[in-house]
Amino acid sequence: AAWAGAGLALALPVLAFVPWSHAFGYDFVVAEMPVLELVAGLMATGLLVPLLPRLVRLAGDLAPPRKALLLAGMVLVGLALRLALLASDPALEDDYQRYLLDGGAVVAGLDPYAIVPAEALDADPQSSLGRLATAAGDVLERINHRELSTVYPPVAQAAFALAHLIGPYQLWAWRLVCLTGEIASLALILWLLRRIGREPLWAALYWWNPLVIKELANSAHMEAILLPLVLGAVALLTLRRHASAAFVLALAAGVKFWPVLLLPLLVAPLRQHPIRLLAALAAFALPAALIALPMAGSALGPSSGLLAYASGWKTNSAIFPLIETLMSPVAGPSGAGLLARGVVGLTLAAIACIVAWRARAAEGEATIRAAALTTGALFLLSPAQFPWYATWVAVFLPFLPSRAFLWLGVMMPLYYVAFHLIARDQLATFASVVVPLEWAPILALLAFGAISARTAERR
């Protein structure tokens, strides 16, 4: 009964959102969109996530056939909601427009890293770039940051191209690719849970997470193809298949670069096996070099989206601005941001190495937890903390259900208040009021958890 109630509490808002989502379509200006209502609905539905661990424990005494039935119901409900959202308009997100254009460029045989959308709009209609602009139509017009080239690495480009082959410049085609990635993530979560002896129902912390459903099924963010590769590499690590894990990790880094932080998890267990270590490093380095090669030239030019993101992107972060402020007396206001990014990068590398070293001789569960801790540190210290970045952490919640990270589903929707404030020329209020409000409960829960764990150790 409790699980049925939770399923209804998730399903009814999602299904009600599908027809209502058209209020976020391109026929409306942002000032007319029901932004605050969306935020309130997401936060209220997100309250389900901190309750799910209790529901999993409640189901612990059920007979195996009833558990299996409950698991099947949980999977089907999550799948049905994702299928329903195929008919929805993406709410306050348009990153998918860039994905669609990149996919069209790759299939047309063009270099996506050499294409600046603002220039393509003015290209000669008879040129290859002009023909791409004509075929893309509204997709090109609606791309954000049109003055910059694409930031997405080649493995992501391959996924965009696949969607283009399914349906040229069609959101539904890209959403099918994302749905396939999500199903693969769920399958890997269930396999890993079974491998380490945990109840499969813990998968609900990912599969029934409203923030995950919104960002990957409705907004169609590319994390849907990143997460199964990260989980695949971790799964292979638990099997001690280090070379295969290294190859899959290189593919993950070909979607977004940050999975490189998990490389110490490969190295640490092989420190006394130099031949196997060299084989694993080669299995990572060779495909990684081939993946990076297409970006080496045009992706680093004056219109490079990659350089712009790496050097200046900053939003919705609570911790990074504090680090930046501490760096200001050393580097001055103009250099504080770059120095802070360097400090964060070194800190994350140190955390990744320490966590991997502690888990080096442990069994599979410790490897998964080490990957979760490294990813959690990355998310917390990142200069940009978009809601879809929280899915990096959410995919590990079935294995490490941190109370603080469970509350990300409740608090992260406050990010979208920025759209309401921008439309009213009140963006300063977002940084001074909304961001502290968003992060205060999460950071407080993290601090409380750390203190409690330390006290338990002493006892």
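- Ion pairing of Glu365 with Arg195 is absent here, as no side-chain N (NZ or NE/NH1/NH2) approaches a carboxylate O to less than 4.0 Å.
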Test side chain to side chain contact (heavy atoms under 4.5 Å, CB included) on Leu380 and Leu446 and set out the steps.
CA-CA 11 Å; Leu380 289 172; Leu446 281 170; 3.6 Å; yes

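- Counting only heavy atoms from C-beta outward, the side chains of Gln385 and Phe320 never approach each other to under 4.5 Å.
- Without hydrogens or angle criteria, Trp3 side chain to Leu70 main chain gives no donor-acceptor distance under 3.5 Å.
- Contact between Ala203 and Leu186 at its shortest, heavy atoms only, is CB-CD1, 4.0 Å.
- A salt bridge does not link Glu324 to Arg341: none of the charged side-chain nitrogens sits closer than 4.0 Å to a carboxylate oxygen.
- Remark: the backbone N or O of Phe386 is not paired with any side-chain donor or acceptor of Thr315 at under 3.5 angstrom.
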How far apart are the C-alpha atoms of Leu266 and Leu270, what are their side-chain angles, what is the distance that settles it, and do they pass the side chain to side chain contact (heavy atoms under 4.5 Å, CB included) test?
CA-CA 7 Å; Leu266 281 166; Leu270 301 178; 5.7 Å; no

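- Within the 4.5 Å cutoff, side-chain heavy atoms of Thr347 are placed close to those of Val343.
- Listed here is the closest heavy atom pair of Ala250 and Ala288: CB-N, 4.1 Å.
- The distance from the OG1 atom of Thr391 to the CZ atom of Phe379 is 9.0 Å, given to the nearest 0.5 Å.
- Residues Glu223 and Glu215 form no side-chain contact, since every pair of their non-hydrogen atoms from C-beta on lies 4.5 Å or further apart.
- A centroid separation of less than 6.0 Å is found between the aromatic rings of Phe24 and Trp20.
- In this structure, the side chains of Leu10 and Val14 come closer than 4.5 Å at one or more pairs of heavy atoms.
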Name the atoms and distances for all side-chain donor-acceptor pairs under 3.5 Å in residues 371-378, with sequence neighbours left out.
residue, atom, partner, partner atom, Å
Thr374, OG1, Ala370, O, 3.1
Thr375, OG1, Ala371, O, 2.8

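- Checking side-chain atoms of Gln170 against main-chain N and O of His164 turns up no donor-acceptor pair under 3.5 Å.
- Between Leu205 and Pro53, some side-chain heavy-atom pair lies under the 4.5 Å cut-off.
- Asp102 places a side-chain heavy atom less than 4.5 Å from the side chain of Pro112.
- Geometrically, Arg175 does not engage Trp172 in a cation-pi contact defined by less than 6.0 Å to the ring centre and at most 45° from the axis.
- Heavy atoms of other residues, nucleotides or ligands lying less than 6.0 angstrom from OH of Tyr309 number more than 12.
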Table please: side-chain donor-acceptor pairs of residues 398-414 below 3.5 Å, with sequence neighbours left out.
residue, atom, partner, partner atom, Å
Ser402, OG, Ala404, N, 3.3
Ser402, OG, Phe405, N, 3.4

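- Under the 4.5 Å side-chain criterion, counting only non-hydrogen atoms from C-beta, Tyr169 is not in contact with Gln97.
- Residue Ile368 holds its CD1 atom at 4.5 Å from CG of Leu192, rounded to the nearest 0.5 Å.
- When all heavy atoms of Leu190 and Pro200 are compared, the pair lying nearest together is CD2-O, 3.6 Å.
- Ring-centre distance between Tyr99 and Trp174: below the 6.0 Å cut-off.
- Remark: aromatic rings of His145 and Trp313 are close, center separation under 6.0 Å.
- Comment: Arg57 does not engage Glu199 in a salt bridge, judged by the lack of any side-chain N to carboxylate O separation of less than 4.0 angstrom.
- With hydrogens and angles left out, the side-chain atoms of Asn316 and Glu438 include a donor and acceptor closer than 3.5 Å.
- Between the Lys256 side chain and the Leu226 main chain, no donor and acceptor come within less than 3.5 Å of each other.
- For the atom pair CZ (Phe17) and CG (Leu81), the distance works out to 12.5 Å, reported to the nearest 0.5 Å.
- Using a 4.5 Å cut-off on side-chain heavy atoms (C-beta onward), Pro259 and Leu229 make no contact.
- A donor-acceptor pair under 3.5 Å is absent between the side-chain atoms of Thr238 and the main chain of Gly364, judged by distance alone.
- The CZ atom of Phe284 lies 5.0 Å from the CG atom of Leu263; values are rounded to the nearest 0.5 Å.
- Atom-to-atom distance recorded for Trp208:CH2 and Leu48:CG is 7.0 Å, nearest 0.5 angstrom.
- Shown here for Ser317 and Ser382, the closest heavy-atom pair between the two residues is OG-O, 3.3 Å.
- Side chain of His242 to main chain of Arg240: a donor-acceptor pair is present (N/O by atom type, distance under 3.5 Å, no hydrogens or angles).
- At most 12 heavy atoms of other shown residues, nucleotides or ligands fall within 6.0 angstrom of atom CZ in Arg241.
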Under the side chain to side chain contact (heavy atoms under 4.5 Å, CB included) rule, what do Tyr113 and Gln157 come out as? Steps first, then yes or no, please.
CA-CA 10 Å; Tyr113 304 110; Gln157 298 292 337; 3.5 Å; yes

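- Remark: the backbone N or O of Trp207 is paired with a side-chain donor or acceptor of Arg82 at under 3.5 angstrom.
- Between the side chain of Ser88 and the main chain of Ala84, no donor-acceptor pair closer than 3.5 Å is present.
- Side-chain N/O atoms of Tyr206 and Glu182 include a donor and acceptor closer than 3.5 Å.
- A donor-acceptor pair is defined here as one N or O able to donate and one able to accept, closer than 3.5 Å; such a pair exists between the side chain of Asn218 and the backbone of Ala91.
- Looking at Trp357, its side chain never comes within 3.5 Å of a backbone N or O of Ala268 through a donor-acceptor pair.
- Taking each heavy atom of Phe419 and Tyr415 in turn, the nearest pair found is CE1-CE2, 3.9 Å.
- Across every non-hydrogen atom of Leu179 and Leu79, the tightest pair is CD1-CD1, 4.2 Å.
- Within the model, atoms CZ of Arg358 and SG of Cys353 stand 12.5 Å from one another, a figure rounded to the nearest 0.5 Å.
- Cation-pi geometry between Arg142 and Tyr26 is satisfied (NZ or CZ under 6.0 Å from the ring centre, within 45° of the ring normal).
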For side chain to side chain contact (heavy atoms under 4.5 Å, CB included), just list the numbers for Val434 and Leu421, CA-CA rounded to whole Å, side-chain angles, deciding distance to a tenth of an Å, and then say yes or no.
CA-CA 10 Å; Val434 179; Leu421 296 173; 4.1 Å; yes

